[in-house]
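The sequence lines fix the lettering, A, B, ..., with proteins before strands; numbering per chain opens at 1. Every heavy atom of this structure was used, including side-chain atoms; hydrogens, water molecules and symmetry mates were not.
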Protein chains: 2
Amino acid sequence: MNYVTEQILGSLRDARIRKGFSQRELSARSGVPQSHISKIESGNVDLRMSSLIALARVLDLELFVAPRKTVPAIKSIIRSSNATHNNGLSDESEPMSPAYQLEEYDDD
Amino acid sequence: MNYVTEQILGSLRDARIRKGFSQRELSARSGVPQSHISKIESGNVDLRMSSLIALARVLDLELFVAPRKTVPAIKSIIRSSNATHNNGLSDESEPMSPAYQLEEYDDD
DNA sequence: GAGAGTGATATGTTTTTATATATAATTTTT
DNA sequence: AAAAATTATATATAAAAACATATCACTCTC
């Protein structure tokens with residue numbers, strides 16, 4: 001598994017986790033079977049573009065190609081986007097991730 | 001063929017042309033058969049990541065996924081990169097594209 | 001019009017994804 | 001520790017990519 005592939009699969013898994021989806025839920029939303037998602041995430045399959053795009057869409061990710069020379073700038077953008085999470089200016093996408101966990105208190 | 005796919009395949013073809021490669025030459029460099037490249041470019045195949053990456057590498061492109069909210073910024077970077085072509089500061093990659101054409105206005 | 005280069009098609013074979021379904025293995029929760 | 005949820009494996013089948021190779025159609029140029 002080459003570097004690019006690792007990067008992409010890592011991004012997929014991270015995005016799934018960040019959204020709090022299980023593989024099953026991602027499966028339900030994307031139409032890709034859970035067993036296949038497992039194989040994909042563990043790099044045991046050379047997936048097709050359609051699968052990749054189907055998953056990416058559900059995870060609010062977009063797939064691209066960019067000139068190699070622009071890669072650092074792009075990575076920088078992505079990095080800061082991930083760092084900021086939802087820091088107040090969010091009025092888009094991210095459906096509010098519950099980033100806490102005070103044991104037991106489930107007051108609802 | 002969905003939007004994302006179109007975008008990507010378009011980028012591949014454009015990059016190939018910009019580099020002045022024929023499908024045959026790209027084939028020789030990437031290991032992907034010319035007949036397959038033809039099918040890919042015309043959107044007649046749901047190609048695998050490995051093929052996509054193999055082609056992208058030869059064309060000095062990189063594949064990735066980015067959070068949807070970063071897309072405009074990224075596209076802007078890519079756009080200006082393509083616009084600038086080689087405007088003096090080039091010391092990398094681009095092997096000098098002949099960006100002129102006197103007569104033969106084939107604007108399509 | 002012959003010859004060369006290019007992209008699209010065609011055929012046949014091999015390899016692999018994608019899928020369904022089930023279940024084992026692992027982790028998390030209660 | 002038991003239960004529940006999640007992820008990894010397994011098997012079988014169908015569909016499609018990947019491949020090699022050849023050829024066709026088209027456009028140039030000489």
Taking side-chain contact (heavy atoms from CB on, under 4.5 Å) as the definition, give me every residue that meets it alongside A/T5, ordered by chain and number, with sequence neighbours left out. A/M1, A/N2, A/L9, B/M49, B/I53

Hey, could you give me each pair passing salt bridge (Lys or Arg N to Asp or Glu O under 4.0 Å) that has a residue in residues 2-12 of chain A? Not counting sequence neighbours. none

Reading 5' to 3' through nucleotides 22-30 of chain D, protein heavy-atom contacts under 4.0 Å coded B for base, S for sugar-phosphate only, - for none: -B-------

What closest approach, in Å, do B/V4 and A/L63 show between heavy atoms, and which atom pair accounts for it? CG1-O, 3.7 Å

Sequence neighbours excluded, the answer for ring pair (Phe, Tyr, Trp, His ring centres under 6.0 Å) partners of B/F64 is A/F64

What integer distance in Å separates A/K39:NZ from C/dT19:C1'? 9 Å

Of all residues at least two apart in sequence or in a different chain, which pass the salt bridge (Lys or Arg N to Asp or Glu O under 4.0 Å) check with B/R68? A/D60

In whole Å, I'd like the distance from the CD1 atom of B/I37 to the P atom of C/dG7. 9 Å

Treating B/S81 as the side-chain partner and B/I77 as the backbone partner, does any N or O pair qualify as donor plus acceptor under 3.5 Å? no

Pairs where residues 30-56 of chain A contributes a residue and the test ring pair (Phe, Tyr, Trp, His ring centres under 6.0 Å) is met, not counting sequence neighbours: none

Quick check on contacts: within residues 6-14 of chain B, what sits under 4.0 Å from DNA chain C by heavy-atom distance? none

Heavy-atom nearest nucleotide on DNA chain D taken for B/L52 and for A/S42; more 5' hit belongs to A/S42

Please give, in whole Å, the distance from D/dA16 C1' to B/I40 CD1? 13 Å

Tell me every residue that passes side-chain contact (heavy atoms from CB on, under 4.5 Å) with A/S27, counting only those two or more places apart in sequence or in another chain. A/Q34, A/I37

Identify, with sequence neighbours excluded, every residue that meets side-chain contact (heavy atoms from CB on, under 4.5 Å) alongside A/R16. A/R13, A/F21, A/Q23, A/L26, A/E41, A/L59

Determine whether A/K19 and A/R29 make a side-chain contact, defined as any pair of heavy atoms from C-beta on separated by less than 4.5 Å. no

If you check every side-chain atom of A/N44, which of D/dT9, D/dC19, C/dA18 has the closest atom? D/dT9

Considering non-hydrogen atoms only, spot the tightest contact between A/T70 and A/A66 and give its length. OG1-CB, 3.5 Å

Whole-Å gap separating P (D/dA14) and NE2 (A/H36): 18 Å

Between the protein and nucleotides 14-16 of chain C, list every N/O to N/O distance that falls short of 3.5 Å.
none

Of all the heavy-atom pairs spanning B/S11 and B/L61, show the shortest one and how long it is. O-CD1, 4.0 Å

Measure CD1/A/I17 against C1'/C/dT28 and give the value in whole Å, please. 13 Å

Using the test side-chain contact (heavy atoms from CB on, under 4.5 Å), find all partners of A/S22 that sit at least two apart in sequence or belong to another chain. A/R24, A/E25

Between the two end axes of the helix from C/dG1-D/dC30 to C/dT30-D/dA1, each built from 5 base pairs, what angle do you get to the nearest 10°? 50°

Can you measure B/E41 atom CD to C/dT9 atom C1' for me and round it to whole angstrom units? 15 Å

Across the strands shown, which category fits B/L47 at heavy-atom distances under 4.0 angstrom: base, sugar-phosphate, nothing? sugar-phosphate

For A/Q23 and C/dT26, what is the distance between atoms CD and P respectively, to the nearest whole Å? 15 Å

Strictly below 4.0 Å: does A/R16 bring a side-chain N or O up to OP1 or OP2 of D/dT7? yes

Has A/S38 got a side-chain N or O lying under 4.0 Å from the OP1 or OP2 atom of D/dT7? no

Taking all atoms of both residues into account, what is the closest heavy-atom pair of A/R18 and A/N82, and its distance? NH2-OD1, 3.5 Å

